[in-house]
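Whatever order the structure lists them in is the order used to number ligands and atoms, beginning at 1. Because the structure is a prediction, the values reported are computed rather than measured.
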Amino acid sequence: MLKITVIGAGSWGTALAVILSKAGNQVKVLSLTKRNLISLRSGYHPNFEGLLLPKEVEFTQSVEDSLVNADIVIFAVSSKYLRPSIEVVKPFIKESQLLISVIKGLEPLTLLVPSQIIQEAFPHNSVAVLSGPSHAEEVIKGEPFGMQLASVDLRAVELIRKAFNKANVYLPATDDLIGTQLGGALKNIIAIGYGIALEQGLGTNFYSMLVTAGMADLRNLAVAGGAAPETLMGLGGLGDLITTIGSPYSRNRKFGQLLGSGISVEKALQQVGMVVEGVNAMEGALELAQEKQVSIPVINFINNIIKKRISPTKMKGLVQLLKGTY
Ligand SMILES: NC(=O)C1=CN([C@@H]2O[C@H](COP(=O)(O)OP(=O)(O)OC[C@H]3O[C@@H](n4cnc5c(N)ncnc54)[C@H](OP(=O)(O)O)[C@@H]3O)[C@@H](O)[C@H]2O)C=CC1
Ligand SMILES: O=C(CO)COP(=O)(O)O
C-alpha cells in the first residue's frame, strides 16, 4: 500500500484521491484554502452533487501531518496557486518523495510549465506528470480513461503505475514532460474557441475547421517550445483536446459558450465557478509565440475575443483570417 498526498481539494485533486484510495492506497488530501473541509469531511464535495466520498480518503489542513509519511505527493491546485502552494509545503517535502504534477498551465513571463516550477523548487526530487483526457466527473465514478505519464525516471513510472494498478486507467509513458504539459495547457485555449463557435451555432464543418487549425497552432507552438511532435498526437495533446471540446463537463468549453452568448469575461468566469486554465494560459502562449516567432492565428483570434477586440458574434470571421495566412 502506497501513501499518497494530494495537494488541492478541487475537482481534480478529489477525483484522483478517490480512485487512488479505491485502488488500495492510503490517501490524504491537503486543502490549503480549507474552504470545503467541513463538507468534505462529511463525504460531500460541492462539485460532485449526489456523490458520497469514501471515508477512507482523509481531508486535512495540516501540512506537516499530510506530508510526513507520503511516498508520492501530487500537486493538483490550479496553476496560479502552484508557487504559493510550493512555498507552504516546501519545508516538509523530503528528497525521497516522488512529486507529480497534474496541473495544466504555462506560466506567463517565465514560460515554465508546472513540472519545471516544481523541479526548480525541489531539485533533488523525481518529478513526473500525469495529463490527458480525464474529466474529474467521469473519473470519480470509476469510468475507464487514459492519461499520458511523463517522467525521465523509470522507477517513478513503475511506482505511479503501481499506485494506479487497480484503477481503470491506461498510462502510456513518455520522457517528454514539456510536450505533455504544453499540449495540456494549449488545448484549453482551443476549447474556449470551440465553446464560442458552439454557442454561435456555426455548424460541424466550422467546428472541425476551427479545431484542426487550432491543433496546428498547438503543434507549431508546442514544438517551438520544446515538445516532440509525436507527444502532441497522443493523450496529452490531441487526446485531451478531443475530450475538452466534446465534454459538457469542460470548464473551458463552458466559459467559451458563456462568452459566445454575450456574457462578459468576468461574469463567465464567475458562472463557471471553477478554474478556467485556458484563460490563465493565454498570456504565456502569446509570449511563447512572440519569443519563438510562431504564427498562431486561431489562438490570437480567441485572445481577441476574450480581450473584447472582436465580438464573439464575429467568430465566423476566422475563415477570412485563415484565408489571409495562405
Ligand atoms: N477537473 C478536471 O477534470 C481536471 C483538472 N485538471 C487540472 O487540475 C488543476 C486543478 O483543477 P480543478 O481541481 O478542476 O480546479 P477547481 O477549480 O475545482 O479547484 C481549484 C484548486 O485550486 C486550489 N486553490 C484555489 N485557491 C487557492 C489558494 N489561494 N491557495 C492554494 N490553492 C488554491 C484549490 O485548493 P483547495 O481545494 O484547497 O481550496 C483547488 O485544489 C487545473 O490545472 C486543471 O486544469 C486536470 C485534469 C482534469
Ligand atoms: O483538462 C481537462 C480534462 O482532461 C479538464 O478540462 P476543463 O478544465 O476544460 O474542464
Would you mind checking which non-hydrogen protein atom is closest to [atom], with the distance to 0.1 Å?
{"atom": "atom 6 (O) of ligand 2", "answer": "H135 NE2, 3.3 Å"}
{"atom": "atom 39 (O) of ligand 1", "answer": "T33 OG1, 2.2 Å"}
{"atom": "atom 2 (C) of ligand 1", "answer": "R251 NH2, 3.6 Å"}
{"atom": "atom 20 (C) of ligand 1", "answer": "R35 NH2, 3.6 Å"}
{"atom": "atom 48 (C) of ligand 1", "answer": "S134 O, 3.1 Å"}
{"atom": "atom 21 (C) of ligand 1", "answer": "S78 N, 3.7 Å"}
{"atom": "atom 38 (O) of ligand 1", "answer": "S31 OG, 2.8 Å"}
{"atom": "atom 4 (O) of ligand 2", "answer": "D240 OD1, 2.7 Å"}

Which of the atoms of ligand 2 are close to [X], meaning less than 4.0 Å from one of its heavy atoms?
{"X": "G132", "answer": "4 (O)"}
{"X": "N252", "answer": "7 (P), 8 (O), 9 (O)"}
{"X": "P133", "answer": "4 (O)"}
{"X": "Y249", "answer": "10 (O)"}

Which bit of [X] gets closer than 4.0 Å to ligand 1, counting heavy atoms only: side chain, backbone, both or neither?
{"X": "A9", "result": "both"}
{"X": "E277", "result": "side chain"}
{"X": "V102", "result": "backbone"}

Answer yes if the side chains of [X] and [Y] hold a donor-acceptor pair under 3.5 Å, and no otherwise.
{"X": "S115", "Y": "Q181", "value": "yes"}
{"X": "E277", "Y": "S79", "value": "yes"}
{"X": "S62", "Y": "T60", "value": "no"}

Could you tell me whether [X] approaches ligand 2 through its side chain, its backbone, both or neither, with non-hydrogen atoms closer than 4.0 Å?
{"X": "K187", "answer": "side chain"}
{"X": "M274", "answer": "neither"}
{"X": "S134", "answer": "both"}

Under 3.5 Å between some N or O of ligand 1 and some N or O of [X]?
{"X": "L30", "answer": "no"}
{"X": "S11", "answer": "yes"}
{"X": "K34", "answer": "no"}
{"X": "V275", "answer": "yes"}
{"X": "G132", "answer": "no"}
{"X": "E137", "answer": "no"}
{"X": "N188", "answer": "no"}
{"X": "W12", "answer": "yes"}
{"X": "L32", "answer": "yes"}
{"X": "G273", "answer": "no"}

Checklist entry - Are I7 and I117 connected in the hydrophobic side-chain network, where two residues link if heavy atoms are under 4.5 Å apart? => result yes
For [X], is the nearest heavy atom under 4.0 Å from an atom of ligand 1?
{"X": "G105", "answer": "no"}
{"X": "K80", "answer": "no"}
{"X": "P84", "answer": "no"}

Checklist outcome for this item: Restricting to heavy atoms, the pick from R251, E277, M147 nearest atom 8 (O) of ligand 2 would be R251
Checklist entry - With distance as the sole test, does N25 use its side chain to make a donor-acceptor pair with the main-chain N or O of M1 at under 3.5 Å? => result no
Checklist entry - Would you find a donor on one side and an acceptor on the other, under 3.5 Å apart, between the side chain of N36 and the backbone of S39? => result no
Checklist entry - Which of parallel (below 30°), tilted (30 to 60°) and perpendicular (above 60°) describes H135 and Y249? => result tilted
Next on the checklist: Please give me the minimum heavy-atom distance between A9 and L40, naming the atom from each residue.
Outcome noted: CB-CD1, 3.7 Å
Checklist entry - Hey, does K104 come in under 3.5 Å of ligand 2, counting only N/O atoms on both sides? => result yes
